[in-house]
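Since we're looking at a predicted model, the values are computed, not measured.
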Number of protein chains: 2
Amino acid sequence: MQDTKERIIGLADQLIKTKGFNAFSYKDISDPLEIKNAAIHYYFPTKTDLGVAVIDTEIERFKSHTAKWSNMPEDKQLKQLFETFSRKHKEGLVCLMGTLSPDYKTFPEPLQEKVAAMSAAFAEWTAQCLENGRKKAIFFFDGDPYDRALLVLSNLLASLLMSRVMGVRTFGKITGQLFKDLTTAHKQE
Amino acid sequence: MQDTKERIIGLADQLIKTKGFNAFSYKDISDPLEIKNAAIHYYFPTKTDLGVAVIDTEIERFKSHTAKWSNMPEDKQLKQLFETFSRKHKEGLVCLMGTLSPDYKTFPEPLQEKVAAMSAAFAEWTAQCLENGRKKAIFFFDGDPYDRALLVLSNLLASLLMSRVMGVRTFGKITGQLFKDLTTAHKQE
DNA sequence: TTGTTTACTTACTTACAAGTAAGTAACTTT
DNA sequence: AAAGTTACTTACTTGTAAGTAAGTAAACAA
């Protein structure tokens, strides 16, 4: 039964996105799945291994999503990215980068590396999308597309975090204004 | 000796900004200060009390800073805000909002309330600064000043988080582009 | 049919976390 | 001088965390 393994990853993913990596425990997984904590260690010898598996799953999910969008115009592609964040927002979750980056320094190296790889994948895709979109006059922005991608991702990441504290409307306020900025040719004065 | 109390708050502040609230322990404080963990409980009966004290100190610091800047032109005021984040960045720290918001749901109510109060203070000041600056044609941006303030704060918060994972240059790339955007009258196409 | 692998459980260990009760030395007030 | 009060320490409790060694029942393979 690979089923149990995938359920463990799925629950760990949820727990990381609600409580944070250091704050969830094996009991939070073994209780609802009605297994013993040793069963988790059977699949993932250490908590680090489990963390790595969760991130790997996220990277794969991202790659398969973006592959599906690749024939859309760039503004639609970016909208799709916004949509994945919006879905997390509706479930009261934050993104993996958002939870994992504050705790980053407490992680053992293999986990740090995975987090870095994930962030690189996000940034590269977004930079490419923005660059292509600007060439086609779909997007309008100053500066290097990679730098702009960092701004966009920083807004998406933080909008989920801030929504937790400042209320659910915060997400829409940030992402709405952000998308408008990128797709508006001129600023009025 | 109020000295010990302040040293505990100072170290807790550092620890929250490096490891996160749930990941630091009383030992991380009692060892370097060469006191016993019971001494921390003497001043702060619970970890929540300590967290609240750290946030209160941060709010006071913010209020006294902004009060000092109040006669500057708005772009200088905002630059000062950026500078406070830049200082944290140089020390390898993130901001309190950045660490505390992912763990928010694991906090007891009094701590949640303090985090919310802190975020409100930041947002209100920034919104006011942006609104005043736009009236004087120092800043140029579309939309509601409060919404724009959320974008600015989200970029500042996330730039510290992302720098941890994606390298120290990330901070400058995000904040540099952000400031340019706000102080540029027109976008070129 | 015997042996091996898979997918766990049982039953523990070690470590460390937050928190507390009771004591104490030094200083302060009456 | 006696009685607090302050600022701790000593010594402990309780709970929970990650992790492990050894066992087992069922499926599968030789």
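Residue B:Tyr26 places no side-chain N or O under 4.0 Å from the OP1 or OP2 atom of C:dA17. OP1 or OP2 of D:dC8 has at least one side-chain nitrogen or oxygen of B:Tyr43 nearer than 4.0 Å. For the OP1/OP2 pair of C:dA18 and a distance below 4.0 Å, the side-chain nitrogens and oxygens of B:Thr46 include no atom meeting the criterion. Contact between the side-chain N/O atoms of B:Tyr42 and the OP1/OP2 oxygens of D:dC8 is not found at any separation under 4.0 Å.
Residues B:Lys79 and B:Asp75 are not paired through a salt bridge, judged by the lack of any N-O separation under 4.0 Å between the basic side chain and the carboxylate.
The NZ atom of A:Lys47 sits 15 Å away from the P atom of D:dT20 (whole-angstrom rounding). Following rounding to the nearest Å, A:Ile29 (CD1) and C:dC8 (P) show an atom-to-atom distance of 14 Å. Between B:Asp28 atom CG and C:dC16 atom C1' there is a gap of 11 Å when expressed in whole angstrom units. One interatomic measurement links the two molecules: CZ of A:Phe44 to C1' of C:dA7, which rounds to 14 Å at whole-angstrom precision. Here the C1' atom of nucleotide C:dA7 and the CG atom of A:Asn37 are 15 Å apart, to the nearest Å. Atom C1' of nucleotide C:dA7 and atom CD1 of A:Ile8 are separated by 11 Å, given to the nearest angstrom. Distance, B:Leu50 CG to C:dG19 P: 10 Å, rounded to whole Å.
Applying the salt bridge (charged side-chain N to carboxylate O under 4.0 Å, His left out) test to residues at least two apart or on different chains, the pairs with a partner in residues 96-125 of chain A are A:Asp56-A:Lys114.
For A:Asp13, the salt bridge (Lys or Arg N to Asp or Glu O under 4.0 Å) criterion is met by A:Lys17, A:Arg61, not counting sequence neighbours. In this view, A:Lys47 satisfies the salt bridge (Lys or Arg N to Asp or Glu O under 4.0 Å) rule with no residue, not counting sequence neighbours. For B:Ala116, the side chain to side chain contact (heavy atoms under 4.5 Å, CB included) partners are A:Val165, B:Tyr104, not counting sequence neighbours. Scored by the side chain to side chain contact (heavy atoms under 4.5 Å, CB included) test, A:Lys76 finds A:Met72, A:Pro73 as partners (sequence neighbours excluded). With sequence neighbours excluded, the residues forming a salt bridge (Lys or Arg N to Asp or Glu O under 4.0 Å) with A:Lys27 are A:Asp31, listed by chain and number.
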Indicate every side-chain donor-acceptor pair of residues 32-39 of chain A with a distance under 3.5 Å to a residue at least two apart or in another chain.
none

Exercise answer: donor-acceptor pairs, residues 82-95 of chain A side-chain atoms, under 3.5 Å, sequence neighbours excluded:
| from | atom 1 | to | atom 2 | distance (Å) |
| --- | --- | --- | --- | --- |
| A:Thr84 | OG1 | A:Leu81 | O | 2.6 |
| A:Lys88 | NZ | A:Glu58 | OE2 | 3.4 |
| A:His89 | NE2 | A:Val168 | O | 3.2 |

Distance-only criterion, 3.5 Å: show the donor-acceptor pairs between side-chain atoms of residues 171-178 of chain A and protein atoms not counting sequence neighbours.
| from | atom 1 | to | atom 2 | distance (Å) |
| --- | --- | --- | --- | --- |
| A:Thr175 | OG1 | A:Phe171 | O | 2.8 |
| A:Gln177 | OE1 | B:Arg148 | NH2 | 3.1 |

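Within residues 15-25 of chain A, the residues approaching DNA chain D are A:Phe24, A:Ser25, by heavy-atom distance under 4.0 Å.
Axis angle between the ends of the helix from C:dT1-D:dA30 to C:dT30-D:dA1, five pairs each and rounded to 10 degrees, works out to 0°.
Of the candidate nucleotides C:dT9, D:dC8, C:dA18, C:dA18 has the atom lying nearest to any side-chain atom of B:His41. Side-chain proximity of A:Ala39 to the nucleotides C:dT9, C:dG19, D:dT20 is greatest for C:dT9.
In this structure, B:Arg134 forms no cation-pi arrangement with B:Phe140, as its terminal cationic atom is not both closer than 6.0 Å to the ring centre and no more than 45° off the ring axis.
Minimum heavy-atom separation, B:Phe107 to B:Leu100: CE1-O, 3.5 Å.
Across all strands, A:Lys36 comes closer than 4.0 Å to base atoms (heavy-atom distances).
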- line: Given protein heavy atoms under 4.0 Å, the one-letter contact record of nucleotides 21-26 of chain C, with B base, S sugar-phosphate only and - none, is simply ------
